[in-house]
Structures are given as C-alpha cells and as structure tokens.
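Heads up, the thing below is written out as structure tokens.
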Amino acid sequence: MSKFVSKPESKSAISKPTSSAAHKPYKATKPPKKPAPPNVITPAKIAWQTDDAGNQVPVSGEFGDVYFSHADGLAESRHVFLAHNQLPERLANLADKQCFTIAELGFGTGLNFLATWQLWRQLRAKKPHLTSARLHFITTEKYPIPLNDLTQILALWAQRAPELAKLIEQLLANYPPLIAGCHRLNFIDDNITLDIWLGDAGDSLASLDTETAIKRPYIDAWFLDGFAPSCNETLWAESIFTQMQRLSRPSTTAATYSCAGIVKRGLQTHGFEINKVKGFGRKREMLTAVMADNANSLALNDDSNASIYPNLPSHTVVIGAGVAGLLTAWTLANRGMTVTIIDKVAPLAGASGNPRALLAPNMTPIHHVYEHLHSIGYLYSGRLYRYFNQQAELQQTPLILEQTGTLDLLIKTNIGTAQIADYPNQMATTITTAEALRLSGLKAKDLADNLYLPQSGLVNTQALKTLILKHLNISYQQLSVTDIKETADKVMVTGDKESGSNNNQSSITICADNVVICAAYESHQLDKRIVECRTIRGQLSWFTPTAEQVAGLPKLPLKYSGYCAPFIGQSGDAEVNNISDHQPQFLLGASFVDADASIDIRSEENQQNYDKLLEDIPELSNVLPNDTSAWQARAGVRTQTIDYHPLVGRLAQSRRIWTLSAMGAKGYALAPICAEALADMMLGCFAPLSAVTLARLSPNRARLHKA
Ligand code: SAM
C-alpha cells in the first residue's frame with residue numbers, strides 16, 4: 001500500500017491507493033549517513049508524487065508524507081486550523097493594539113501561514129478597528145524547503161488560489177537562508193509578523209522566552225501540523241506538549257487533523273480539554289483542544305490574565321538619536337506607540353553619522369550561527385532596509401541600502417573557506433578568483449580565498465534617518481537630559497533645550513510611560529545602573545576620486561584589515577557630511593584608538609587608513625592619491641561592553657526605564673533586531689531571540705557588573 005496515500009492520519013489521506021504506474025509508492029530517502037550536527041539545518045528533500053487525480057503534489061523526502069492534498073489542501077487548512085481555532089471570530093474581535101499570537105508546529109510550505117495572512121487581510125479590510133492590532137505567527141521547521149522548491153510549490157497555489165498570489169510573492173521575497181535560529185519576517189503594511197524558527201521544534205519552543213517581558217507572553221492558538229504521528233513522532237513528543245503547556249494560558253486553543261491516541265493523551269495530560277469534531281471533507285474526525293482554566297498555574301498567577309492588556313504603554317521617550325535610538329523609535333512607532341526621540345545635539349550627530357555604514361557580518365562557524373547576534377541581526381536588517389528601500393522608491397528619495405555585495409579578503413576573520421562552504425550561497429559563499437577579480441576590479445591580488453556576501457551593502461545613514469523621522473508617530477526634540485525620574489505610573493525626563501540664536505537654554509520635562517536610553521557610552525551618565533563601557537575612537541576617511549582614479553579603485557566594498565567602499569553622494573548627505581550630490585566618493589575605515597572618547601579629526605588617522613589599505617592591497621598604490629591632507633574624515637566613539645554584547649532590556653528594579661546601547665561598530669546590523677526584541681519585552685510579546693541570547697544581552701547580567 002502506498003505510504004503516500006494510505007495513512008488515515010495523514011493530512012492528505014486521499015481516497016484509496018491506486019496502482020497506476022504514475023502512482024508509485026514514494027520511498028522516503030534514507031537519512032544521510034553522517035547526521036548534521038545539532039543546530040545545523042538539513043534542507044528538506046522534496047519529491048513530487050502523482051495523486052489519484054493525476055496532480056503533482058510535493059512529498060517530504062524525510063517523512064514520506066505529503067505536505068498538503070492538491071485537491072483541497074487550502075480548504076483543509078482553513079477548516080482544521082483557522083475555523084477550529086475560531087480565528088475568524090477571535091481576530092475580528094481584537095482590541096485596539098492587541099497582539100494575537102499563533103504557534104505552528106511544522107512550517108512546511110507555509111500554506112497555513114498564507115491562509116491565515118489572507119484571513120487577517122480580509123478582516124482588516126472590513127474592520128477599521130483592527131488597523132492597530134497585530135498578528136504574530138510563530139512557526140517551527142526542522143527541514144525547511146529550499147527556496148527554489150518552495151517557489152515551485154507555491155506557484156501551484158498562486159495559480160489555484162489567486163487571492164494568495166501577492167502574499168506568496170512577498171513570502172518568497174523575504175524567505176530566509178536556511179540557517180538555524182529565528183528569522184523574523186515583518187510584513188509591515190499588514191501588521192503581521194512571521195517568526196520562522198529553524199531547528200527542532202522542541203528546542204525552538206524551549207527557546208521562547210517568557211521571563212524578560214513586562215507581561216508574560218503566551219500563545220493564543222496552536223496549529224499542530226506535524227506529519228502523522230505514525231511517520232513522525234517528534235512533533236507529538238512529551239517535550240512538545242510540556243512546552244505547549246508552558247506557553248499557553250487558560251483559553252488558549254489548539255487544532256489538529258490527527259486524532260491519534262498519542263495526541264489526545266499528550267494534550268489531556270498537559271492541561272488541554274479535548275474535543276473530537278467532524279474532520280475535513282471525507283475525514284470522519286479531527287481534534288480541537290482548549291487549555292483548561294486550572295491547568296496552567298503560572299499563567300493564572302500572572303497579570304497577563306487581565307482581560308485585555310489594560311496598560312499598554314502609549315508614549316515612549318527615546319534618549320539618543322543615533323542608530324540605536326532611531327531604530328528603537330521606529331520599531332515602537334511601528335507598534336502603534338507615540339515616540340518622542342531626543343538628542344542633546346542632533347540626529348546622527350555621533351558615531352552613527354558616518355556617510356555610509358557597511359552592512360556585512362563578522363561570520364561564525366555555522367554550528368554557532370543560531371545564537372550569533374551579528375548573523376541574525378545582519379539578516380533581519382537586510383530585510384528591514386529592503387522594505388525601507390521600497391518606501392524610498394515610492395517617495396523618490398535615496399535608497400536606504402545599496403545592495404552592492406561585499407568581498408572579504410579573509411585577512412581578519414575567524415572563518416576560512418571550508419567553513420564558508422557550510423553556509424547557503426544566498427548568504428555567504430566563496431567565488432572563483434576570476435569572478436572576484438572581475439567584481440572587485442583588482443588585478444594583481446591573490447583572491448583565491450575569499451568570502452563573498454551577495455546581500456551585503458552600504459547603508460545610507462542620512463536617508464535612513466530622514467525616512468524614520470517622517471514616521472507619523474515619531475517626533476524629534478533637541479534636549480540635553482539632566483534627570484530621569486520614575487514613579488509607579490510614569491517616567492519624567494527633564495532636560496535643557498537650546499532656544500533662540502543666542503544659546504539661551506530652557507528646562508523642560510516630558511512625561512511618558514517608558515524611557516529607552518540609547519546614548520551609547522553616555523548612557524551610564526544618565527542612569528548608573530547601565531554599566532560604564534569601553535570607548536573606542538574610530539575615524540573614517542573619504543575623498544572624491546578623479547574619473548581616472550574611479551576606474552582603478554575597487555568596484556565594491558572590500559573587507560581586509562580595514563574596509564573600503566566606493567559610493568556616490570546623494571541628496572541629504574550634505575546635511576551631516578561634506579559630500580555633494582552625485583559625486584563619486586571613496587571611503588576607508590576606520591582607525592581604532594582604545595579608551596579615547598574625543599572626536600577631533602586627526603591627519604595621522606587618515607594616514608593609518610591609507611596605510612592599512614596599501615599594506616593589504618599594494619596594487620592600489622598606483623591609484624590612491626599620495627597626499628591624504630585633503631581627505632574628509634569623521635571621528636566617532638564606539639561603545640563596547642567587556643563581553644562584546646550590546647545592552648538590551650529593562651534596568652534592574654525598574655518598570656519603565658530601558659536601554660539599547662553598546663553596539664560597538666555594528667549598530668546598523670544589530671539595532672533593528674535588538675529594537676524588535678526590546679519592543680516585544682515592552683509589550684509582552686515573544687521576542688525573536690532565544691532566552692539564552694536575551695540573557696546575554698540583559699543590561700543587568702552578572703558578568704558586566706562583577707567587573
Ligand atoms: N504547515 C505546513 C504547511 O502549511 O505547508 C505543513 C507542515 S508538514 C505536514 C509538517 C512539517 O513538520 C514538515 O515540514 C516537517 O519538515 C516538519 N517537522 C517534522 N519534524 C519536525 C521537528 N521535530 N521540528 C520541526 N519541524 C518538524
């Protein structure tokens with residue numbers, strides 16, 4: 001009997017097996033001899049099988065089961081998971097700014113997610129009160145489908161269900177490279193967040209943090225969509241049900257097409273009351289479940305049980321308008337908060353105001369990547385900046401991220417070509433010497449060993465700032481903060497404001513629900529609970545090359561013991577740096593002076609940047625001007641903790657004072673994902689970082705304070 005059609009538990013369970021030649025039983029491919037180490041992703045092996053009606057359907061090579069039935073997979077998904085979690089009614093009744101969280105076991109082709117997204121869109125179009133509500137869809141996948149297979153699979157649905165076509169396009173455009181860990185995809189126009197946790201579901205659910213948020217987050221509805229227990233027990237294991245209980249609260253629901261004993265017992269012994277209902281189509285039954293009132297003592301003792309979030313913060317003051325503050329402001333504003341962002345000087349006046357920031361991660365061996373903040377942050381920032389690019393295109397303003405690709409010459413890295421080969425090419429690869437020479441324009445350098453990052457590029461810091469400050473929920477004020485006071489129900493930020501041309505100052509106080517201190521090394525001055533950080537001065541240099549020099553200089557950003565990049569001046573650049581529109585520029589970064597917080601421009605540091613480049617790529621001595629005295633430069637102070645991790649979270653013994661700081665030289669890569677985590681903590685939602693990572697980032701971590 002065909003494994004493919006016969007399992008009564010299979011979500012497809014298509015009528016009877018046939019013996020047609022086209023319908024050979026599908027054999028699961030043998031597991032690879034050497035299993036991948038934990039935390040290294042094995043992509044799904046997709047096979048295509050012909051169903052009873054002669055349609056091609058995708059089958060999992062690992063489990064030998066279908067992902068969905070061709071005839072009615074979408075209708076089945078809507079029946080089992082959407083209708084039987086009462087999503088149409090529950091989502092329609094969300095309150096202003098309320099977040100509803102769904103967790104799914106087994107992302108597979110994303111069909112359940114697409115069906116949910118489409119329902120959410122329909123409801124939002126009909127019900128204006130849902131404008132500020134948010135849908136958070138958390139899913140897990142151990143064997144993610146490679147992008148080219150997924151594209152082929154979803155093309156079927158785009159054809160058969162045209163209402164999904166636009167959503168499919170967006171999902172595919174944002175589909176992450178297949179590396180372990182959490183990938184946050186924000187579909188901002190629809191207020192829907194998809195967190196795809198790649199790895200074993202048990203590990204991923206255990207990574208969800210419930211402790212650091214101001215209110216304990218919980219799952220509202222579970223989609224239990226593992227393959228049938230008979231072909232995959234791992235998604236129906238005791239450890240999964242234990243996590244479900246931990247992450248649920250009374251009234252959390254679950255739905256599954258499976259009525260297997262192991263499923264019923266698992267749910268019942270972990271606090272769910274179960275109910276058999278009519279299954280989809282010709283299937284006799286399926287299972288729904290609801291967490292009983294007395295089954296989750298943790299949830300019962302928690303204030304998140306209060307009917308609907310009574311105390312959602314509505315106004316936040318962000319102190320510091322560098323990249324950390326700007327991204328924090330934008331993320332909170334995007335969650336519906338009113339944000340006042342303040343700076344003692346001006347937005348981007350500090351270290352974040354370099355004309356361009358190179359978005360290129362420091363790589364790590366792949367088995368560490370799932371908790372490697374640089375990699376996670378790099379991927380998330382890229383997605384966010386590409387979304388910002390779409391906004392910029394609509395507004396006909398300069399792009400935020402110029403996706404140039406970056407070539408790393410592997411002079412100062414902790415990873416070699418063998419380890420780069422473990423990565424999906426979409427994220428990191430080694431290109432041939434010929435290709436490296438062609439892309440870079442170099443002629444003599446040995447480029448056999450290299451790291452090419454195709455999605456990397458240059459962030460236009462000015463353009464990013466301008467776009468963020470246009471957000472309707474954000475207002476900027478110049479203010480030099482002198483005092484922050486917290487009471488039970490608010491926080492008061494007092495500071496001196498420059499007024500008039502004769503440098504008069506007036507003192508003003510702003511009241512808010514929360515304050516986030518994003519003042520880099522000066523954060524410590526504002527609240528002594530924020531540890532004092534190491535200050536590392538860095539000076540970036542740039543010059544305007546002649547047409548002849550442009551022809552001989554590298555064509556894309558290069559990383560060596562420093563980094564360099566060509567770029568073209570854009571409107572807005574001149575607001576902060578001396579750069580004219582449309583003029584080619586070449587930048588070289590950056591000096592490194594420990595324990596120095598001054599920002600004067602030093603000719604010897606321009607020279608150091610020059611020397612570093614020529615030492616690593618001597619052939620450029622023919623091209624670079626000998627005289628660096630006319631070079632432009634900008635000096636800033638990088639802020640670093642002793643363990644190199646940023647500070648993200650709420651301060652000890654405080655309900656309302658938070659920080660996001662100490663990003664070192666990686667603010668443009670780290671701030672977006674850290675701001676997401678901070679917003680989630682503030683609003684009682686699940687963060688896109690594991691509990692272990694959040695503990696590592698806590699401003700109150702013991703390690704910092706011992707030192
Ligand atoms: N929800 C999917 C959709 O809409 O297309 C279909 C899910 S499919 C029936 C089950 C999925 O569970 C497969 O993609 C499989 O790789 C995944 N899976 C199986 N065991 C897993 C585990 N231990 N952890 C995470 N995912 C797992």
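Just follow the structure's listing: the first ligand is 1, and inside any ligand the first atom is 1. Because only heavy atoms are used, hydrogens play no part in the values below, and waters and symmetry mates are left out as well, while side chains stay in.
- Using a non-hydrogen distance threshold of 4.0 Å, Ala44 does not register as a contact of ligand 1.
- Contacts of Asn112 with ligand 1, taken as heavy-atom pairs under 4.0 Å, involve both backbone and side chain.
- Using modelled atom types, one finds no donor on one side chain facing an acceptor on the other under 3.5 Å when comparing Arg265 with Gln268.
- Considering both main-chain and side-chain atoms, Leu235 never comes within under 3.5 Å of ligand 1 through any nitrogen or oxygen pair.
- Ion pairing of Arg184 with Glu676 is present here, as a side-chain N (NZ or NE/NH1/NH2) and a carboxylate O approach within less than 4.0 Å.
- Residue Thr234 has at least one heavy-atom neighbour below 4.0 Å for each of these atoms of ligand 1: 20 (N), 21 (C), 22 (C), 23 (N).
- Here the shortest heavy-atom distance to atom 1 (N) of ligand 1, taken over Cys231, Gly108, Pro58, Gly106, belongs to Gly106.
- Under 4.0 Å from ligand 1, the heavy atoms of Phe63 that appear belong solely to its side chain.
- Looking at Ile145 against ligand 1, nothing comes within 4.0 Å, counting heavy atoms.
- The two residues Ile145 and Leu150 come nearest to each other via the heavy atoms CG2-N, 3.6 Å.
- Neither side chain, Arg383 nor Gln455, offers a donor N or O lying under 3.5 Å from an acceptor on the other.
- Relative to atom 17 (C) of ligand 1, the option among Glu141, Glu233, Glu76 with the closest non-hydrogen atom is Glu141.
- Here Glu163 does not pair with Arg121 in a salt bridge; the nearest charged N to carboxylate O distance is not below 4.0 Å.
- No donor-acceptor contact under 3.5 angstrom links the side chains of Tyr378 and Asn362, judged on distance only.
- Atoms of ligand 1 found under 4.0 Å from any heavy atom of Asp200 (numbered from 1 in listed order, with element): 22 (C), 23 (N), 24 (N).
- Using a 4.0 Å cut-off between heavy atoms, Glu104 contacts ligand 1 through its side chain alone, with no backbone atom that close.
- Of all the listed residues (Trp157, Phe68, Phe107, Tyr67), Phe107 holds the heavy atom that lies closest to atom 2 (C) of ligand 1.
- A salt bridge is defined here as a Lys NZ or Arg NE, NH1 or NH2 lying under 4.0 Å from an Asp or Glu carboxylate O, and Lys142 with Glu62 fails to meet this definition.
- Under the 4.0 angstrom criterion for non-hydrogen atoms, Gly73 is not in contact with ligand 1.
- Here's the thing with Ala201: one of its N/O atoms is less than 3.5 angstrom from an N/O atom of ligand 1.
- For the residue pair Ser248 and Trp222, a side-chain donor N or O sits within less than 3.5 Å of a side-chain acceptor on the partner.
- For Asp680 and Arg335, the salt-bridge test passes: some basic side-chain N is under 4.0 Å from an acidic carboxylate O.
- Checking Asn186 against Tyr380 by side-chain atom types alone, a donor-acceptor pair falls below 3.5 Å.
- Each of the following atoms of ligand 1 lies closer than 4.0 Å to a heavy atom of Gly110: 3 (C), 4 (O), 5 (O).
- Using a 4.0 angstrom heavy-atom cutoff, Phe227 counts as in contact with ligand 1.
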